[in-house]
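Lettering follows sequence order; numbering is per chain, from 1.
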Amino acid sequence: MGTSRRPGRRPGHDPACRGRGSGAAGLAAGLAAGLAAGLAAGLAAGILRAMRLSHLFFTTLRDDPADAEMPSHRLLVRAGYVRQLGAGIYSLLPLGFRVNKRVEQVIREELNAIGGQEMEMPVVHPADLWRETGRYDAIGPEMARFKDRADRDMVLAMTHEEVVADLLRDIVKSYRQLPMIVYHFQTKFRDEPRSRGGLIRVREFVMKDSYTCDRDEAGLDAAYWAHHRAYTRIFERLGLKAIPVSSDVGMMGGSLAHEFMVLNPAGEDELVICEACGYAANRQVAPTTVPAPAAEDLLPVGEVETPDTTTIDALATFLGVPTSRTAKAAFFVTGDGRFVVAIVRGDFDVNETKLVNAIKAVGGLRPAQVEEIRERGMEAGYGSPIGARDAVVVVDELAARSPNLVAGANRPGFHLRNVNVPRDYTPDMTADIANVREGDPCPNCGGPVILRNGIEVGNIFKLGTKYTKALGAEYLGEDGERHPIVMGSYGIGLGRNVACIVEAHHDDKGIAWPAEVAPYPAHLVTLGGSREPTVIETAETLYGAAAAAGPAREILYDDRDESPGVKLTDAELLGMPWILTVSPRSLAAGGVEVTNRATGERSVRSIDDVTAFLEGRAATPA
RNA sequence: CGGGGCGUGGCGCAACGGUGGCGCACGUGCUUUGGGAGCACGAGGUUGUGGGUUCGAAUCCCACCGCCCCGACCA
């Protein structure tokens with residue numbers, strides 16, 4: 001173990017530290033045993049200094065790192081838990097590593113409780129496996145690809161459905177082997193176009209991913225909801241207020257999905273939430289249930305000159321009509337080259353996820369170019385489907401039921417009044433493709449919804465048979481027939497959860513870990529030890545008692561020769577649940593000053609009381 | 001990939017055409033010890049890289065690399 005207090009290098013400065021995958025998952029199970037062995041060796045050597053701050057591989061920073069904005073990022077760097085190596089790539093220092101392991105252990109316990117079997121699958125995969133399911137071509141540059149020395153195409157794993165399905169086709173023969181749940185903690189690499197927010201969105205990270213394997217839909221349903229319940233318990237234990245929201249199944253395919261979301265202004269997802277009834281959904285899938293306006297007589301179409309009105313606001317202002325009396329046209333091109341015109345009412349925006357799903361757009365959507373629009377007989381800024389050629393026309397349900405709208409004339413500077421569907425143009429499809437707005441009616445109870453940002457801390461997917469069919473993972477049923485295995489897939493990103501825990505558990509002084517995930521249960525501080533030897537003796541005794549009680553009871557011991565201010569502020573920054581202060585003052589008062597980091601409550605407890613806590617005989621020292 | 005910002009000791013910053021400094025951190029010694037102590041001495045920098053302009057470049061110009069923020073993107 002390194003004994004330098006000084007990391008002493010810039011990111012990327014030391015080749016020896018470069019490009020390491022975590023390789024951490026395999027250490028998970030062995031951690032406790034390893035620590036125990038290390039402890040024994042330490043005892044034998046009479047050293048026991050690994051948890052002494054004087055030798056801990058870390059450093060605290062007085063100033064916030066300039067590139068950190070979120071509290072979790074700032075504090076985890078300042079307190080010496082993590083260091084950045086590159087964009088979206090972080091090292092976990094010993095303290096951060098321990099927090100990750102605590103989070104991992106919570107997840108492990110809850111997954112084992114629903115019958116999960118822990119295993120480990122590789123980070124490097126042959127590309128051919130991904131070709132079999134079609135994802136080698138379907139997934140873009142976010143998947144890292146390379147060739148091995150024999151010129152074989154390889155990929156870095158973004159996820160492990162392919163490997164699980166590949167194992168299933170080898171191993172599972174009979175319905176008697178199902179159902180089954182496997183999971184692992186493993187490094188994923190996703191070359192995101194943009195990492196951000198410290199540990200919130202990174203490119204390399206450890207994820208817990210589990211996979212359920214069932215005979216049929218009913219089995220999948222049971223496995224899915226078992227995960228739902230396990231996740232609820234996991235996030236509760238982690239100290240996170242995670243709410244399950246309905247979500248898009250996206251590229252994963254499948255029939256049902258939930259994301260567990262923690263509300264945070266920096267979150268990348270928008271959530272539609274009803275505070276009245278508890279309804280919650282990702283905005284990508286939340287249905288629009290705004291009632292259609294009253295029916296009107298359909299008025300004749302009339303062209304009107306509308307100079308410089310390329311935006312809905314300008315148009316509505318110019319004509320003196322509410323935006324809800326206008327039709328907004330948005331132009332897209334699908335990944336496989338189809339041109340799409342999407343019409344929503346002027347007071348709404350197009351929801352691209354809904355649009356993609358409605359038209360089953362292959363390869364997603366991109367905005368169309370002005371020339372492409374013109375080639376189809378339309379005009380950006382003054383567009384409508386009237387006169388459109390070679391275009392898929394999709395109209396939002398609400399827009400279709402709103403009479404006499406102002407729409408583009410496909411001529412610069414002109415619009416058409418009283419456009420009506422289907423009288424004036426024929427859509428290829430009518431679907432809900434509009435974004436829910438704040439204050440719109442809740443799909444469940446009708447009350448007004450609010451919009452909030454959220455960070456996705458976990459997700460659950462009903463995959464169905466997409467991967468098992470592609471790879472031929474079948475079992476022989478009771479009926480003597482072959483059936484594809486029915487899969488589900490479930491993820492939790494560890495680092496992101498750690499960051500979210502800090503987001504939820506910190507104050508202006510630093511981190512305040514929930515006991516369940518704290519790297520150590522307590523932080524022992526000595527003050528005035530150089531002039532009062534009993535201070536050191538007492539602290540050493542307490543530290544020894546904790547160390548002797550086993551790996552789970554190890555505590556941090558600040559044995560540094562620092563001023564009281566440094567030690568106490570560091571203790572608050574690091575955030576162990578209990579700060580134990582031994583000083584001439586505390587000894588005179590009868591023992592050890594015990595501070596609850598989260599609440600700030602202090603009291604003086606006897607050496608015996610504190611020892612009972614350190615040895616695990618009491619739940620708290622206070 | 002678009003827009004913006006920034007690269008100077010470990011961290012935070014200054015110097016903006018004329019021999020690179022400050023605070024914190026670090027080392028040694030002394031003093032100090034319940035809220036980021038004091039004094040003294042000291043170590044540490046090819047100013048991201050490459051090219052150009054200039055008598056002279058951290059500073060001006062070009063290119064590249066890297067990082068951050070907004071957007072696009074995103075199981």
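Per the geometry, CZ belonging to R201(A) stands 15 Å off C1' belonging to rC70(B), to the nearest Å. When rounded to the nearest whole Å, the span between CD of E142(A) and P of rA72(B) equals 16 Å. Protein atom CZ of R74(A) is 15 Å distant from nucleotide atom C1' of rC68(B), rounded to whole Å. Here the C1' atom of nucleotide rU33(B) and the CG atom of D559(A) are 16 Å apart, to the nearest Å. What separates CZ of R62(A) from P of rG10(B) is a distance of 19 Å, to the nearest Å. Taking atom CG of L61(A) as the reference point, atom P of rG23(B) lies 19 Å away to the nearest angstrom. In this entry the distance linking CZ of R585(A) with P of rG34(B) reads 7 Å, nearest Å.
One finds a side-chain N or O of R196(A) lying less than 4.0 angstrom from the OP1 or OP2 phosphate oxygen of rG71(B). Between R194(A) and rC74(B) there is no side-chain polar atom (N or O) within less than 4.0 angstrom of OP1 or OP2. The shortest distance between the side-chain N/O atoms of S563(A) and the OP1/OP2 oxygens of rA37(B) is below 4.0 Å. Proximity of R531(A) to the phosphate of rG34(B): a side-chain N or O atom is located under 4.0 Å from OP1 or OP2. For rC74(B), neither phosphate oxygen OP1 nor OP2 lies less than 4.0 angstrom from any side-chain nitrogen or oxygen of Q284(A).
Pair assignment for rG10(B) gives rC24(B), based on Watson-Crick or G-U wobble hydrogen-bonding distances that are each under 3.5 Å. Pairing for rU59(B) is absent, judged as Watson-Crick or G-U wobble with the two contacts each under 3.5 Å. Pair assignment for rC1(B): rG71(B), on the basis of Watson-Crick or G-U wobble contacts that are both within less than 3.5 Å. Summarising the base pairing, rC39(B) is matched to rG29(B) through a Watson-Crick or G-U wobble pair whose two defining distances lie under 3.5 Å.
For the pair D248(A) and K354(A), the salt-bridge criterion is not met [side-chain N within less than 4.0 Å of a carboxylate O].
For Q84(A), counting side-chain heavy atoms from C-beta on, the closest listed nucleotide (rG36(B), rC73(B), rC67(B)) is rC67(B). Comparing atom distances between the E562(A) side chain and each of rC68(B), rC26(B), rU33(B) picks out rC26(B) as nearest. If you check rG23(B), rC73(B), rC68(B) against the side chain of A87(A), the one that comes closest is rC68(B). Comparing atom distances between the D67(A) side chain and each of rU33(B), rC73(B), rC67(B) picks out rC67(B) as nearest. Nearest to the side-chain atoms of T581(A) among the listed nucleotides rA75(B), rG12(B), rG34(B) stands rG34(B). The side chain of V566(A) lies closest to rA37(B) when the candidates are rA75(B), rG35(B), rA37(B). Ranking rG34(B), rG36(B), rA75(B) by closeness to the S583(A) side chain, first place goes to rG34(B). Looking at the side chain of S530(A), the nearest of the listed nucleotides rA25(B), rU33(B), rG35(B) is rU33(B). In this structure, the nucleotide among rG12(B), rA75(B), rC67(B) sitting nearest to the side chain of M207(A) is rA75(B). Ranking rA25(B), rA75(B), rA72(B) by closeness to the P193(A) side chain, first place goes to rA72(B).
rG9(B) and rG17(B) have their C1' atoms separated by 24 Å, given to the nearest Å. Between the P atoms of rU46(B) and rU8(B), the separation comes to 13 Å (whole Å).
Checked against the 6.0 Å centroid threshold, W513(A) and Y81(A) count as a close aromatic pair. Between H258(A) and F461(A), a ring centre-to-centre spacing not shorter than 6.0 Å is recorded.
Judged by distance alone with a 3.5 Å cut-off, no donor-acceptor contact links the side chain of D64(A) to the base of rG12(B). Between the side chain of R78(A) and the base of rG10(B), no donor-acceptor pair of N or O atoms lies under 3.5 Å.
We find the CG-CD1 distance between N357(A) and I433(A) to be 12.0 Å, quoted to the nearest 0.5 Å.
Using a 4.5 Å heavy-atom cutoff, the side chains of V77(A) and D67(A) are not in contact.
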* Hey, mind stepping through Y211(A) and Y183(A) against ring-ring contact (aromatic ring centres under 6.0 Å, His included) and telling me if it holds? -> CA-CA 6 Å; Y211(A) 303 89; Y183(A) 70 96; over 10 Å; no
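S247(A) comes within 4.0 angstrom of nothing in the nucleic acid, heavy atoms only.
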